[in-house]
Enquirer: 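Below are the structure tokens for one structure; questions will follow.
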Amino acid sequence: MSRVYNFSAGPATLPEAVLTQVQQDMLDWQGSGMSVMEMSHRGKAFVSIAEQAEANLRELLAIPSNYKVLFLQGGAAGQFAGIPLNLLGDKQAADYVVTGSWGKKAVKEGAKFCDAKVVAQPQGAFTSIPDPASWQTRADAAYLHYTPNETIEGVEYHWIPDSGDVPLVADFSSTFLSRPLDVSKFGLIYAGAQKNVGPAGMVIVIVREDLLDRASTQCPMVLNYAQQAEADSMLNTPPCFTWYVAGEVFKWIKQQGGLEAMAEINERKAARLYATIDELDFYANPVDPVSRSWMNVPFTLADAALDGEFLKQAEAAGLSTLKGHRSVGGMRASIYNAMPEGGVDALIEFMLDFARRQG
Ligand SMILES: *Cc1c(COP(=O)(O)O)cnc(C)c1O
């Protein structure tokens with residue numbers, strides 16, 4: 001067996017220690033005589049797994065007690081509808097800052113339910129974040145939605161917008177748990193699991209309790225935050241196995257030293273990779289340096305005709321899934337929490353060597 005360094009944007013690499021634990025638990029979870037996949041979600045064993053995962057997540061993010069944590073199905077994209085259905089109340093308007101492809105999808109879905117307005121978006125390509133002074137936000141909006149990390153374009157906020165009295169809603173999918181976060185600044189945070197948390201099939205929603213009173217009567221029960229909170233996210237069968245693996249990832253993050261330690265490692269990994277891209281004329285990253293993502297690093301080669309050769313040789317060197325998203329081309333290295341520093345070092349070494357041989 002040999003594992004590669006997997007730079008996939010999602011589903012993405014998981015910590016090897018977590019995979020090994022899951023393998024050990026596979027046939028017989030803690031003497032239960034069955035795998036987590038085969039357990040009733042109502043049984044004592046799974047309920048303890050679910051509770052422990054939530055407790056560890058609350059500890060990692062220091063989630064205040066007036067927030068509910070939900071483990072739901074439908075992915076992050078399901079929440080593009082879930083958010084307006086739950087948060088509009090008697091309001092008609094919702095504001096969206098769009099800094100990349102996922103924000104664009106969020107506002108498009110939101111517009112099915114309300115007057116969803118793009119209140120800020122960069123001119124031209126998604127390579128920067130518009131100055132907040134220019135955002136055309138509305139005081140009567142039910143919420144302000146933004147995407148802290150745009151997974152495809154590699155544009156990340158390294159600060160939290162101030163939405164005043166309007167609840168701030170954020171799609172953290174691809175940067176969730178990459179660093180400490182002041183949850184109290186948000187009305188709602190959501191994150192699909194398959195980037196930084198676990199296997200696909202689950203979205204985590206962290207929502208302030210006072211926002212649970214305004215769901216539309218049309219809101220499907222599986223998307224209804226108040227009903228799901230009341231039922232401990234088990235209104236129907238939850239994504240049990242993903243929830244369990246996510247719980248193992250939370251334990252692993254705690255063992256690494258928590259989110260402060262993750263932030264230090266993530267910042268260092270990203271800085272080294274961007275430094276390599278900037279040093280050599282052979283590579284380029286188009287993103288405004290103050291908004292470069294720690295998690296997703298897109299880059300192009302000076303000669304796009306070499307893209308195929310780059311990918312082929314990288315694959316042969318054990319560096320997998322570096323092809324950029326079809327909408328932006330070039331390469332993309334996703335370097336989530338679970339990508340070891342050694343993986344980034346190996347990529348840098350390969351990039352230097354490839355440039356030397358071609359240049
Ligand atoms: C991957 C991703 C999504 C979509 O997640 P699904 O779980 O596939 O619905 C949404 N937003 C962001 C920022 C993402 O990275």
Side-chain angles (χ1 to χ4, degrees), residues 6-14 70-86 94 96-112 116 118 121-122 126-127 129 143-158 160-161 168-179 181 186 188-206 220 222-223 233 238-239 241-243 245-246 249 266 270 287 291-298 321 323-328 332-339:
N6 175 10
F7 295 92
S8 170
T13 192
L14 284 164
L70 308 175
F71 297 83
L72 307 177
Q73 301 197 39
Q79 295 307 316
F80 295 168
I83 289 159
L85 282 164
N86 278 278
Y96 289 77
V97 179
V98 175
T99 50
S101 302
W102 287 110
K104 230 166 106 175
K105 288 203 165 110
V107 68
K108 190 171 172 210
E109 186 78 347
K112 292 180 183 169
V118 178
Q121 138 169 331
F126 289 121
T127 53
I129 297 168
Y143 56 86
L144 172 65
H145 180 284
Y146 80 113
T147 313
N149 185 65
E150 282 287 356
T151 320
I152 292 174
E153 290 83 3
V155 175
E156 181 160 22
Y157 289 70
H158 298 283
I160 298 175
L168 185 62
V169 172
D171 176 0
F172 266 92
S173 295
S174 50
T175 190
F176 193 58
L177 304 180
S178 68
R179 69 188 81 188
L181 184 68
F186 297 86
L188 184 146
I189 286 168
Y190 65 110
Q194 71 276 20
K195 312 288 164 61
N196 224 2
V197 165
M202 185 173 78
V203 58
I204 293 172
V205 175
I206 302 171
V222 293
L223 287 177
S233 307
F241 194 75
T242 296
W243 195 336
V245 180
V249 171
N266 286 327
V287 178
S291 304
R292 282 173 164 181
S293 170
W294 288 2
M295 297 281 103
N296 310 98
V297 181
T321 338
K323 193 170 166 50
H325 191 270
R326 60 190 180 280
S327 64
V328 291
R332 172 175 50 170
S334 294
I335 50 173
Y336 299 119
N337 285 348
M339 174 57 64

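Counting starts at 1 for both ligands and their atoms, in listed order. Scope of the values below: all heavy atoms of this structure, side chains included, with no hydrogens, waters or symmetry mates.
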Enquirer: Are side-chain N/O atoms of T147 and D171 paired as donor and acceptor at under 3.5 Å?
Expert: no
Enquirer: May I ask you to check whether Y96 and Y146 place their ring centers less than 6.0 Å from one another?
Expert: no
Enquirer: Considering only NZ, NE, NH1 and NH2 on the basic side and carboxylate oxygens on the acidic side, decide whether K104 and E150 come within less than 4.0 Å.
Expert: no
Enquirer: Report all protein residues having a heavy-atom distance below 4.0 Å to some atom of ligand 1; order the list by chain, then number.
Expert: G75, A76, A77, F80, W102, T147, N149, T151, D171, S173, S174, Q194, K195
Enquirer: On the six-membered ring of W102, is K108 placed so that its NZ or CZ lies under 6.0 angstrom from the centre and within 45° of the ring axis?
Expert: no
Enquirer: Determine, using ring centers only, whether Y157 and F172 are less than 6.0 Å apart.
Expert: no
Enquirer: Does a donor on one side chain sit under 3.5 Å from an acceptor on the other, for N266 and S178?
Expert: no
